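Just so it is clear, the structure is predicted and the values come from calculations on it, not from any experiment. Chain identifiers are assigned alphabetically (A, B, ...) following the order of the sequence lines, protein sequences preceding nucleic acid strands; residue numbering begins at 1 within each chain.
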Amino acid sequence: MILDARVLDPEFVPREVVHRDSEVDALSNALSPVTDGEPADTALLFGPSGTGKTCLARYTVGQLRETVIDVRTQYVNCWQNYSRYRVLYSILEGLDRTIDIHRQSTPTDVLLERVQAYDGPPFVVVLDEVDQLEDTGVLYDLYRTHGVSMVLVANREEDLFAGLDDRLVSRLHGSQRVRFEKYGVDELAAILRARVIRGLTEDAVDDANLRYIADAAAGDARIAISTLRTAARVADRQGMDSLPESVIVDAVPEAREEIQRKNLDQLKPHQKVLYEIIEEHETIAPGTLYERYREQVADPRSDRTLRTYLNKLATYDLVVPEGENRGRIYRLASQES
DNA sequence: GTTCCACCGGAAACGGGGGACC
DNA sequence: GGTCCCCCGTTTCCGGTGGAAC
């Protein structure tokens, strides 16, 4: 039943972007100077998870490469590349200039010098999840680098600007902003339909079931596509030639669990211990949490490190901190009231 | 109103791991 | 092989915040 599994991959960039025409136009306009060999202004993409920001950024930059011969591009995920060093290294990878750079011994300044020495055609850098950067100074570095144009992707404008250097904030003031709203059920169903046409056999799933998936995903395309993929995999394994409603209904919670499992798999052992302690209690105060943690591990980390871990868990949407100061408690995101 | 205390997070220091250089 | 340098995860230190207790 599955003809092309890549289409159901969360990273897949389709040949046509559905229901985001105005956003594509806005980003294309922002990048239009590149078609004349000039650097473009910084573009900022904001919106909740699963609204198509990353997909649209990759799609638009891909289109640019098809129409402009002389342009270079690089995609950097700031979640994985959160330090100044890693961002610069990743950018140099896009320029094929990492030969003789050693990740353990070459100073950051050398990487920056090498980026700033770039004198080729316009270079467009997409910095995804840019609000996850631990050192945002690299944005100022890049802003001042001639020939480099940035597309910054983040969930919330306030979160991004809160962490930025004042000089950069004022310079980004006039930048092109593209805002993404959650998809409606019809829009999500159309996105799924486009994937079904390219990835599954004809009539593998009817419109009513696609709308069911779209409705359950609550505006999040990532969850919708994950649900479709989970259902297709199950049906394919069982030798079915279409997706029955029962398989789709089961796939809805499974897809959410799969996303959560993937997040859990990325945790370090000590972070997992914290997660499991919070899981055991409905809610838990920080002091008690630290105490239980120290009881369970042989080589406990300091409380300060635990606070860093807990912030990480919150960023992964696994744990929710509630209240301030002495009233602070932690609970699992899946048990949110 | 004042003091105490739990909690948060920034900044600087520290140390491990790893590569370059002699 | 020894030394130097670098990044990065962690620790230490500490000031800020705000609710509780007096």
Side-chain angles (χ1 to χ4, degrees), chain A residues 74 76-95 97-117 127 129-142 154-156 158-169 263-275 277-278 281-333:
Chain A
Q74 176 70 343
V76 181
N77 186 314
C78 299
W79 181 279
Q80 278 115 33
N81 302 289
Y82 47 80
S83 68
R84 186 169 172 239
Y85 190 88
R86 290 187 188 185
V87 169
L88 292 171
Y89 186 88
S90 187
I91 286 169
L92 287 171
E93 278 182 323
L95 296 172
R97 296 191 184 186
T98 49
I99 294 174
D100 76 343
I101 285 187
H102 305 279
R103 297 194 77 155
Q104 299 292 336
S105 57
T106 308
T108 310
D109 288 349
V110 173
L111 271 66
L112 179 60
E113 280 167 22
R114 197 168 291 195
V115 171
Q116 289 179 331
L127 292 159
E129 307 206 52
V130 70
D131 44 348
Q132 296 303 317
L133 273 180
E134 285 182 5
D135 181 359
T136 53
V138 69
L139 299 180
Y140 190 62
D141 295 335
L142 293 172
N155 284 8
R156 286 158 47 87
E158 309 87 273
D159 292 348
L160 172 62
F161 280 94
L164 294 187
D165 186 292
D166 288 345
R167 295 166 299 180
L168 190 58
V169 170
N263 284 338
L264 277 173
D265 286 345
Q266 296 185 63
L267 299 181
K268 297 174 187 172
H270 287 265
Q271 295 171 337
K272 265 193 186 142
V273 171
L274 285 175
Y275 178 85
I277 295 169
I278 299 170
H281 300 70
E282 196 169 316
T283 62
I284 189 165
T288 319
L289 174 59
Y290 301 160
E291 215 172 300
R292 297 279 172 280
Y293 161 81
R294 280 190 292 270
E295 286 166 8
Q296 290 195 21
V297 300
D299 54 339
R301 302 282 186 266
S302 70
D303 289 0
R304 178 69 188 86
T305 301
L306 298 189
R307 288 198 283 276
T308 304
Y309 287 170
L310 286 164
N311 284 338
K312 203 77 184 168
L313 294 181
T315 317
Y316 276 121
D317 281 335
L318 291 167
V319 160
V320 182
E322 288 176 2
E324 300 286 328
N325 301 312
R326 298 180 78 149
R328 169 60 62 94
I329 54 159
Y330 292 97
R331 68 163 80 241
L332 290 196

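- Put simply, CG on A:L310 is 11 Å from C1' on B:dC8, counting in whole angstrom units.
- Distance CG (A:D303) to C1' (C:dT10): 13 Å, rounded to an integer number of Å.
- Under 4.0 angstrom from either OP1 or OP2 of B:dC8 there lies at least one side-chain N or O belonging to A:Y290.
- Atom OH of A:Y89 and atom P of B:dG19 are 12 Å apart (whole Å).
- At a threshold of 4.0 angstrom between heavy atoms, the contacts of A:R301 are confined to the sugar-phosphate backbone, with no base atom among them.
- The CD1-C1' distance, from A:I99 to B:dG19, rounds to 17 Å in whole Å.
- The side chain of A:R307 lies closest to B:dC8, out of B:dC8, C:dC6, B:dA20.
- Distances shorter than 4.0 Å separate none of the side-chain N or O atoms of A:T308 from OP1 or OP2 on B:dG9.
- Taking atom CZ of residue A:R304 and atom C1' of nucleotide B:dA12, one finds them 12 Å apart after rounding to whole Å.
- When rounded to the nearest whole Å, the span between CD1 of A:I101 and P of C:dC7 equals 11 Å.
- Taking 4.0 angstrom as the limit, A:R86 places a side-chain polar atom (N or O) nearer than this to OP1 or OP2 of C:dC8.
- As judged by a 4.0 angstrom heavy-atom cut-off over every strand, A:G287 is placed among residues touching the sugar-phosphate backbone only.
- A salt bridge does not link A:R86 with A:D135: none of the charged nitrogens is closer than 4.0 Å to a carboxylate oxygen.
- The base of C:dG19 is not paired with the side chain of A:R328 by any donor and acceptor separated by under 3.5 Å.
- Of the charged side-chain nitrogens involved, none lies within less than 4.0 Å of a carboxylate oxygen, so that A:R156 and A:D131 do not count as a salt-bridged pair.
- Heavy-atom contacts from other residues, nucleotides or ligands closer than 6.0 Å to CD of A:E282 number 12 or fewer.
- Contact annotation: A:S83 side-chain N/O to C:dC8 OP1/OP2 distance is under 4.0 Å.
- The closest side-chain donor-acceptor pair between A:H270 and A:Y293 falls under 3.5 angstrom.
- Side-chain N/O atoms of A:T305 include one lying less than 4.0 angstrom from OP1 or OP2 on C:dT11.
- Donor-acceptor pairing under 3.5 Å, judged by distance alone, is present between the side chain of A:R326 and the base of B:dC5.
- The phosphate of C:dT11 (OP1 or OP2) has a side-chain N or O of A:S302 nearer than 4.0 angstrom.
- The side chain of A:Y330 contributes no N or O atom lying less than 4.0 Å from OP1 or OP2 of B:dC7.
- When only modelled atom types and interatomic distance are considered, A:T308 and A:T305 share no side-chain donor-acceptor pair under 3.5 Å.
- Considering only side-chain N and O atoms, A:Y82 lies nowhere under 4.0 angstrom from the phosphate OP1 or OP2 of C:dC8.
- For A:K268, a side-chain nitrogen or oxygen approaches OP1 or OP2 of C:dT10 to under 4.0 Å.
- A salt bridge is absent between A:R294 and A:E291; no separation between the charged side-chain nitrogens and carboxylate oxygens falls under 4.0 Å.
- One atom, CD1 of A:I284, and another, P of B:dA6, lie 16 Å apart when rounded to the nearest Å.
- Nucleotide C:dC7 holds its P atom 12 Å from the CG atom of A:L112, rounded to whole Å.
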